[in-house]
Protein chains: 2
Amino acid sequence: MKNTAAVERRRLTSAELAVWRSLFDTTAELRRRLAAQLAADSGLSPGDYAVLLALAEAAGRRLRSSELADAIDWERSRLSHHVGRMEKRGLIERVECATDSRGAEVVLTEDGARIFRNATAPHARAIKRHFGDALSPAQFDALDDILRALTTHLEATR
Amino acid sequence: MKNTAAVERRRLTSAELAVWRSLFDTTAELRRRLAAQLAADSGLSPGDYAVLLALAEAAGRRLRSSELADAIDWERSRLSHHVGRMEKRGLIERVECATDSRGAEVVLTEDGARIFRNATAPHARAIKRHFGDALSPAQFDALDDILRALTTHLEATR
DNA sequence: GGCGCACGATTGACGCGTCAATCATCTGGG
DNA sequence: CCCAGATGATTGACGCGTCAATCGTGCGCC
């Protein structure tokens with residue numbers, strides 16, 4: 001079971017490579033479809049959605065830039081660029097932080113909240129249609145197990 | 001087993017959503033690491049690698065633009081942009097097609113071939129280290145099964 | 001109290017991906 | 001034979017992601 005600890009000496013087999021390639025391609029296609037559907041339904045990109053989700057769940061619908069970056073695991077600079085674009089569209093607002101004038105707070109606007117609210121249900125449906133409906137309960141459990149193993153492995157070799 | 005045909009009426013469960021999010025995040029992190037390693041080892045991006053791999057495997061180390069696009073499942077325009085950048089770096093060359101003067105052929109250069117050759121082994125090692133080593137043989141089989149189900153499902157609802 | 005460094009955040013440059021528009025060439029129906 | 005539509009490919013615009021550089025502010029330490 002715990003094969004992350006043992007150092008494997010074998011080379012990558014072609015079967016493993018094929019599974020990796022399939023994982024790469026299939027998840028890319030999944031992302032592509034969900035992104036297209038999300039954009040069609042709401043005009044939001046996956047990045048927009050992640051930002052809005054984090055803000056919608058935050059107390060006061062606002063977060064410090066750095067907290068937001070941590071919450072969605074983005075680099076600061078990526079967030080800065082993205083938030084700049086979202087601000088232009090009126091989805092969020094940037095206000096300077098009261099307690100630390102270096103800091104910025106990102107605040108969900110009414111428009112942003114409404115658009116996000118309207119996006120969630122169709123997005124969930126799309127995930128269900130493209131992903132959820134493809135797998136049996138047993139496959140779900142297996143995938144969950146696999147992802148835990150991968151996450152653990154990635155964290156161990158950060 | 002064949003649950004792709006049956007229309008599911010349930011909504012997406014939170015467990016399913018969590019698995020999707022984990023799949024999304026984990027594969028993103030995997031891609032990020034492999035891309036960073038590949039770039040460090042060879043100066044190639046994953047896109048470069050895909051193009052070079054297809055060309056290296058092609059007869060005469062050359063392919064029509066459209067064949068190359070099909071081989072790696074890219075949009076024409078994406079390929080055109082990418083090939084333009086790769087040409088500047090001397091990895092490939094574009095020559096006009098003899099039999100159809102609308103067409104273009106993409107040819108692997110000596111430099112491109114050499115750089116690709118030197119990139120393959122470290123790249124395979126990185127895949128093994130970050131992905132292969134994380135999973136047991138049983139998990140591999142399960143993942144293979146899951147990916148087949150997903151692929152089938154995606155193809156069915158193209 | 002002020003100096004230096006850490007920290008929060010932004011910026012610019014550049015590669016990448018998609019969409020819509022464009023251009024040249026090929027081809028088949030009249 | 002010719003021209004209208006299909007086909008192969010490219011382009012431009014724009015959003016996105018990363019890296020390195022930058023900028024202002026806070027703060028510990030003497």
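The chains referred to below are lettered A, B, ... by the order of the sequence lines, with proteins before strands, and numbering in each begins at 1.
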Atom pairs, N/O to N/O, protein against nucleotides 5-7 of chain C, distance under 3.5 Å?
{"unit_1": "C:dC7", "atom_1": "O2", "unit_2": "A:Arg102", "atom_2": "NH1", "d": "3.2"}

Short question: side chain of [X], backbone of [Y] - any donor-acceptor pair under 3.5 Å?
| X | Y | result |
| --- | --- | --- |
| A:His123 | A:Leu34 | no |
| A:Thr151 | A:Leu147 | yes |
| B:Ser101 | B:Cys97 | no |
| A:Glu87 | A:Arg94 | yes |

The answer to which of A:Trp74 and A:Ser101 contacts DNA chain D further toward the 5' end, by nearest nucleotide, is A:Trp74
Note: contacts of residues 105-117 of chain A with DNA chain C (heavy atom, under 4.0 Å) are none
Separation of C:dT10 atom P from A:Leu79 atom CG, nearest Å, is 8 Å
Could you identify which residues of [range] place a heavy atom less than 4.0 Å from some atom of DNA chain D, listed by residue number, or say none?
| range | value |
| --- | --- |
| residues 62-71 of chain A | none |
| residues 35-47 of chain A | A:Ser45 |
| residues 80-94 of chain A | A:His81, A:His82, A:Arg85 |

Salt bridge (Lys or Arg N to Asp or Glu O under 4.0 Å) filter on A:Arg148, not counting sequence neighbours, yields A:Asp144
The salt bridge (Lys or Arg N to Asp or Glu O under 4.0 Å) partners of B:Glu110 (sequence neighbours excluded) come to B:Arg61
State, yes or no, whether a side-chain contact exists between B:Arg33 and A:Thr157 at a heavy-atom distance under 4.5 Å.
yes
In short, ring pair (Phe, Tyr, Trp, His ring centres under 6.0 Å) pairs touching residues 57-79 of chain B with sequence neighbours left out are B:Trp74-B:His82
Contacts satisfying ring pair (Phe, Tyr, Trp, His ring centres under 6.0 Å) that involve residues 23-48 of chain B (not counting sequence neighbours) are B:Trp20-B:Phe24
Counting only pairs under 3.5 Å, give me each side-chain donor-acceptor contact of residues 111-121 of chain A, with atom names and distances, residues two or more places apart or in other chains.
{"unit_1": "A:Asp111", "atom_1": "OD1", "unit_2": "A:Arg114", "atom_2": "NH2", "d": "3.3"}
{"unit_1": "A:Asn118", "atom_1": "ND2", "unit_2": "A:Arg114", "atom_2": "O", "d": "3.4"}
{"unit_1": "A:Thr120", "atom_1": "OG1", "unit_2": "A:Arg117", "atom_2": "O", "d": "2.9"}

Is any side-chain N of the basic residue among A:Glu105 and A:Arg64 closer than 4.0 Å to the acidic one's carboxylate O? no
Salt bridge (charged side-chain N to carboxylate O under 4.0 Å, His left out) pairs touching residues 37-55 of chain B, sequence neighbours excluded, are B:Asp48-B:Arg89
Chain A reaches DNA chain D, atoms under 4.0 Å from its heavy atoms, from D:dG15 to D:dG26
